[in-house]
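Just so it is clear: chains get the letters A, B, ... in the order the sequence lines come, proteins before strands, and each one is counted from 1. None of the values given here were measured: they were computed from a predicted structure.
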Amino acid sequence: MHLYEEQKIQIYNTLSGKKEVFKPIQDGYVGMYVCGPTVYSNVHLGNVRTFMSFDMVFRYLKHLGYKVRYVRNITDAGHLENDADVGEDKITKKARLEQIEPMEVVQRYTVDFHNILKTLNFLPPSIEPTATGHIIEQIELIKMIIDNGFAYEVNGSVYFDVHKFNENHDYGILSKRNLEDLIHNTRALDGQSDKKNPQDFALWKRAEPQHIMRWPSPWSDGFPGWHLECTAMSTKYLGDNFDIHGGGMDLKFPHHECEIAQSEAAKKQAPVNYWMHANMLHLNGQRMSKSTGNVVNPNELLSGENTFFSKAFAPSVIRFFNAQSSYRSVLDLTDDGLLASEKGFFRLMDAINVLEELKAGDSSTFDVSEWRRKCYDAMNDDFNSPILIAHLFEAAKQINQIKDGNASLAPKDLELLKKTMNDFTFDVLGLVNVSKADTGTDKLAGAVELLIELRQQARANKDFALSDKIRDDLAAKGIQLNDGKDGTTFTTN
RNA sequence: GACAAGGUGGCCGAAUUGGUUAAGGCGUCAGUCUGCAAAACUGAUCUUUAUGAGUUCAAAUCUCAUCCUUGUCUCCA
């Protein structure tokens, strides 16, 4: 018996605009694809939010016992700088600026990307394919689309014929647009395009002589169009029709719309059953933008070396902050917001640490089964992690009451509470128990304990001037003493 | 300009297929603890849901208008 047989998930499907009961194509198996980063610069914090949301989705599906194949690509080629046949993609441009090989740029930022995700406790995807590793598949796809009459070649480049496609398909089905509106609103280009219509998009681009990244093809030495990469890699590893495709809201159009068109044109079927889109991350109420300087990168957020935040934040605090809002809402990153999340996070961790020490009683004053059901209901409702967290805090309150002797749990219920708390906090939300009671090195602990002892003596002698001096001087060094019933402990920050 | 998504307490954020007292966190106040604090725990506190109309027995939730924010329309998570 797998958990997924009793827990029915509802997913908000962008395609239909409503929540739908999730039913995988193959019972017990889930294929999920998420558009990965373009590795031409440091990964964007907003990018990280999207991946973090899907990391949680991945984790929850796995928790329910699904066998999940999670594919997240690395885009290492083929992003056109613009549409006007300049023939220089972002990776090439960066390489020229920095005087290094394109693949060196790719390598550097791929490593950087992986480091950040590891720090933030991401689970690695099942497959992480690169665009440059799938040129052959992309060429094959283009051939199919041409054979089916939905693409044309001009001067060594191949374009998708959107108008032709729209005659008996719906271009705009995902983004809720129609071609007439698009025609109306497409800005006039300089007229040097080979395209029949401005709405057409490139499947293959002929490389100009100065273009370094290039591959042979039946049409020209060139490189694949951006939208095609994801279609090639997703269908190769997940099949022509798979369960979940995710990405940032801003990829809905044109990128995902084009993926649908390409699949329909090549394979004559819709590629994806559930389209999921994560919403944007703002910084202090404004969109993040390199040009206005309203941007902070993940490393700067973690290290505290930035001008936006008052301190460094632990990776789990960032995860917790993200999980406190719905993946479908715009989330505003602010100092106040992070500080509030930090306090809440530590409160939850404290409760979990207390839980480990808790002794069972004769009977239960708290309905753990009912509470557990509510936790699952929350996640089943389109991965509503904020509600889940609200329930976790409810449990935290119960835990503290048991500790104080004002409530109790029978052994069986206590075990269920422990398991459920750990499952959701660590497995599903991906938080790491960095206890605030982290006492640093043993040497430090020994020294501080000596001071605590001295202070204890001073207090016993009512020498409060000395005891307060010890307390205040330690506090000034970032060591805080916590007086409790059973003596004094300390925490560092 | 077109299309799309939103505007909820001091702050962050749930609920938006209309229906018990609008989750939870932070903050604030009080209590317990303490020599006094801090920390921790317990309890309490605040909104009537951008604005203005409308539909309904009933609206944060539906409709219309206005204002504002954001996304897409060219590469972008």
Side-chain angles (χ1 to χ4, degrees), chain A residues 14 17-19 34-38 40 43-54 75 79-84 89-90 172 175-178 180-182 184-187 189 198-199 226 246-255 257 277-282 285-290 320-321 324-326 328-345 347-348 350-351 354 378 381 384-394 396-397 399-401 403-404 406 436 459-460 462-464 467-468 471-472 475 480-485 488-491:
Chain A
T14 312
K18 43 184 133 155
K19 288 178 191 168
V34 171
C35 294
T38 303
Y40 65 86
V43 64
H44 194 287
L45 196 57
N47 215 325
V48 170
R49 186 210 177 184
T50 299
F51 300 143
M52 200 178 276
S53 298
F54 286 104
T75 297
H79 269 205
L80 295 174
E81 187 68 15
N82 60 46
D83 218 12
D89 70 33
K90 280 190 173 172
S175 53
K176 312 284 183 284
R177 292 155 199 260
N178 62 61
E180 284 67 40
D181 288 342
L182 288 173
H184 213 72
N185 291 309
T186 304
R187 280 184 223 152
L189 294 167
Q199 293 75 38
W226 169 48
M249 199 74 102
D250 51 352
L251 290 185
K252 193 157 57 165
F253 188 90
H255 185 57
E257 196 70 60
H277 288 97
N279 217 322
M280 302 286 116
L281 181 70
H282 288 180
Q286 300 268 298
R287 69 167 298 190
M288 289 203 207
S289 157
K290 282 180 188 166
F320 188 74
F321 175 74
Q324 273 188 308
S325 81
S326 158
R328 285 198 286 134
S329 301
V330 174
L331 178 59
D332 191 16
L333 190 66
T334 62
D335 198 46
D336 285 348
L338 281 170
L339 288 170
S341 285
E342 185 177 52
K343 290 206 74 161
F345 169 71
R347 202 159 89 78
L348 187 63
D350 286 347
V354 167
D381 183 13
N384 197 330
S385 52
I387 295 290
L388 169 66
I389 289 174
H391 294 319
L392 295 183
F393 276 110
E394 192 192 326
K397 186 172 285 188
I399 290 166
N400 288 323
Q401 290 194 342
K403 182 191 167 197
D404 292 347
N406 296 324
K436 213 165 103 182
R459 290 172 74 195
K462 296 207 189 308
D463 184 356
F464 298 126
S467 71
D468 287 356
R471 179 217 284 163
D472 295 344
Q480 189 189 294
L481 301 185
N482 305 314
D483 294 331
K485 265 186 185 148
T488 301
T489 58
F490 73 98
T491 51

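Not a single donor-acceptor contact under 3.5 angstrom links the side-chain atoms of A:R347 to the base of B:C26. Scanning atom types as modelled, no donor and acceptor separated by under 3.5 angstrom connect the side chain of A:N400 and the base of B:A40.
Here the side chain of A:R459 is nearest to one of B:U42, B:G35, B:G71, namely B:G35. Residue A:R177 has its side chain nearest to B:C3 when only B:A37, B:A77, B:C3 are considered. Taking the side chain of A:A390 as heavy atoms from C-beta on, and the options B:A38, B:U72, B:G24, the nearest nucleotide is B:G24. The nucleotide whose nearest atom lies closest to any side-chain atom of A:Q480 is, among B:A37, B:A39, B:A14, B:A39. The side chain of A:D468 has B:C36 as its nearest neighbour among B:A14, B:C73, B:C36. Among the nucleotides B:U72, B:A77, B:G27, the one closest to any side-chain atom of A:P254 is B:U72. With B:C36, B:A77, B:A38 as the candidates, the nucleotide lying closest to the side chain of A:N482 is B:A38. With B:G25, B:A15, B:U72 as the choices, the nucleotide that has an atom nearest any side-chain atom of A:F253 turns out to be B:U72. Comparing B:A77, B:G13, B:C36 by their nearest atom to the side chain of A:L251 picks out B:A77. Nearest to the side-chain atoms of A:H44 among the listed nucleotides B:G13, B:A77, B:A4 stands B:A77.
If A:I387 and A:L481 are placed on RNA chain B by their nearest nucleotide, the residue sitting closer to the 5' end is A:I387.
Residues A:L392 and A:L348 form a side-chain contact, since some pair of their non-hydrogen atoms from C-beta on lies under 4.5 Å apart.
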